[in-house]
There are 2 protein chains.
Amino acid sequence: MAPRTCSMANALEVVGERWSLLALREVFFGNTRFDQIAANTGASRDVLAARLKKLVAAGVLEKRPYSDHPPRHEYHLTEAGRALHNVMLLLKEWGDAYVTEGPLPLVWEHSCGHVLQPRVVCASCGEEATPESLTPAPIPAAS
Amino acid sequence: MAPRTCSMANALEVVGERWSLLALREVFFGNTRFDQIAANTGASRDVLAARLKKLVAAGVLEKRPYSDHPPRHEYHLTEAGRALHNVMLLLKEWGDAYVTEGPLPLVWEHSCGHVLQPRVVCASCGEEATPESLTPAPIPAAS
DNA sequence: TACGGTGAGTTGGAAATTCAAACTCAGGAG
DNA sequence: CTCCTGAGTTTGAATTTCCAACTCACCGTA
């Protein structure tokens with residue numbers, strides 16, 4: 001049987017390899033340079049170079065020069081890259097809840113003044129999107 | 001420099017390897033047996049066996065016997081496993097938006113009757129959790 | 001002009017992982 | 001008996017990863 005076609009699998013093709021999401025985390029934190037990303041993630045330089053190249057090719061990051069004459073550049077998030085924010089947020093939340101031991105390394109405060117506890121809700125009704133609340137909709141048939 | 005300590009990285013240690021999230025997807029879909037998971041993900045059997053073992057050890061899945069005499073078992077989600085639902089939902093959503101080409105392989109309908117468009121919101125105020133709406137809170141200091 | 005330093009990678013070889021296919025093992029089914 | 005199923009193991013080759021060292025372009029400085 002052929003493996004299931006699935007957008008989650010497609011997403012993982014792009015950002016699912018080791019180091020990719022950690023590199024993106026660093027860019028979110030404003031560490032946009034190769035050496036910063038390497039140091040903060042712990043990825044080896046060759047693998048990191050490959051991952052960054054792939055993320056740029058996939059349109060998740062873009063390479064932006066910040067100096068011409070020593071030719072230097074930083075990595076910046078594209079719209080697609082920025083859209084990964086909530087994925088990373090929830091992954092962190094899950095790690096907080098089920099993996100990390102001892103004090104949490106990072107806690108986000110929302111602009112409302114409370115510590116952020118993320119919830120995933122339906123944009124239409126505002127109710128939480130639990131596994132039980134979802135059913136597969138008829139797919140838009142292919143030709 | 002030591003790599004950043006980070007709950008997202010911890011989460012990825014547990015579920016970030018190739019095939020792990022795809023295996024969990026299958027269990028969410030009710031395909032709880034080894035051969036089903038192998039067929040629907042496309043993972044090779046040895047790697048899949050290793051991943052399932054790790055997920056069980058990490059408390060994300062549990063092995064539950066469904067027959068004693070030919071000793072057989074299925075994999076079931078633990079609470080930690082069920083909590084990954086929203087991570088997978090958002091990853092799928094990102095794949096839908098930025099990777100998958102052509103018709104979407106799967107669309108969820110929420111119990112309110114609308115096609116699900118997931119939003120991540122702050123549990124306290126209900127407003128969306130955007131990158132700009134978050135600031136790092138002072139960490140609970142370690143000893 | 002020579003010397004060292006920085007940013008952003010490449011290169012090389014050993015070590016670890018993955019892949020696919022074949023094999024095992026326990027227990028029915030015909 | 002012999003074949004089949006479920007749930008993995010085993011095997012050997014092909015890939016990837018790891019780490020350290022190297023490169024290359026340029027700048028500062030002495």
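Order of the sequence lines sets the chain letters (A, B, ...), proteins ahead of strands, with each chain counted from 1.
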> Where each residue is assigned the nucleotide of DNA chain D containing its nearest heavy atom, which of B:Q36 and A:D68 is assigned the position nearer the 5′ end?
Replying inline: B:Q36
>> Please confirm whether the shortest side-chain N or O distance from B:K63 to OP1 or OP2 of D:dG8 is below 4.0 Å.
In response: yes
> Less than 4.0 Å between a side-chain N and a carboxylate O, is that true for B:R4 and A:E26?
Replying inline: yes
>> Any side-chain N or O of A:R45 below 4.0 angstrom from OP1/OP2 of D:dA20?
In response: no
>> Measuring only between side-chain heavy atoms, which start at C-beta, is B:C112 closer than 4.5 Å to A:E127?
In response: no
> Using 4.0 Å as the upper bound for N to carboxylate O, is an ion pair formed by A:R64 and A:E74?
Replying inline: no
> How long is the line joining CD1 of A:I37 and C1' of C:dG7, in whole Å?
Replying inline: 12 Å
> Would you say the side chain of A:R25 lies within less than 4.5 Å of the side chain of A:M88, judging by non-hydrogen atoms?
Replying inline: yes
> Just how far, in rounded Å, is P of C:dA8 from CZ of A:R33?
Replying inline: 6 Å
> Which nucleotide in the set D:dG8, D:dT11, D:dC19 lies at the smallest distance from any side-chain heavy atom of B:D46?
Replying inline: D:dT11
> Rounded to the Å, how far apart are B:F34 CZ and C:dA26 P?
Replying inline: 18 Å
> 5'-most contact on DNA chain D: A:P70 or A:G42, nearest heavy atom basis?
Replying inline: A:G42
> Whole Å only: how far is the CD atom of B:E17 from the P atom of D:dT17?
Replying inline: 12 Å
> According to a strict under-4.0 Å criterion, is B:K53 in side-chain N/O contact with OP1 or OP2 of D:dT9?
Replying inline: yes
>> Does B:R72 contact D:dA7 through a side-chain donor or acceptor facing the base, at a distance under 3.5 Å?
In response: no
> Could you state the OH-P distance from B:Y66 to C:dG27, rounded to the nearest angstrom?
Replying inline: 14 Å
> Given D:dG8, is OP1 or OP2 found less than 4.0 Å from the side-chain N or O atoms of B:R51?
Replying inline: no
> Does B:H73 put a side-chain nitrogen or oxygen below 4.0 Å from OP1 or OP2 of D:dG8?
Replying inline: yes
> Between D:dA20 atom P and A:L48 atom CG, what is the distance in whole Å?
Replying inline: 16 Å
> Can you check whether B:H73 and B:Y66 have ring centres sitting under 6.0 Å from each other?
Replying inline: no
> On DNA chain C, nearest-nucleotide positions of A:Y75 versus B:P71: which is more 5'?
Replying inline: A:Y75
> Between B:D35 (CG) and C:dC25 (C1'), how many Å, whole number?
Replying inline: 14 Å
> Does A:W19 place a side-chain N or O at less than 4.0 Å from the phosphate oxygens OP1/OP2 of D:dT16?
Replying inline: no
> Any idea which of D:dC18, C:dC19, C:dA8 is nearest the A:R18 side chain?
Replying inline: D:dC18
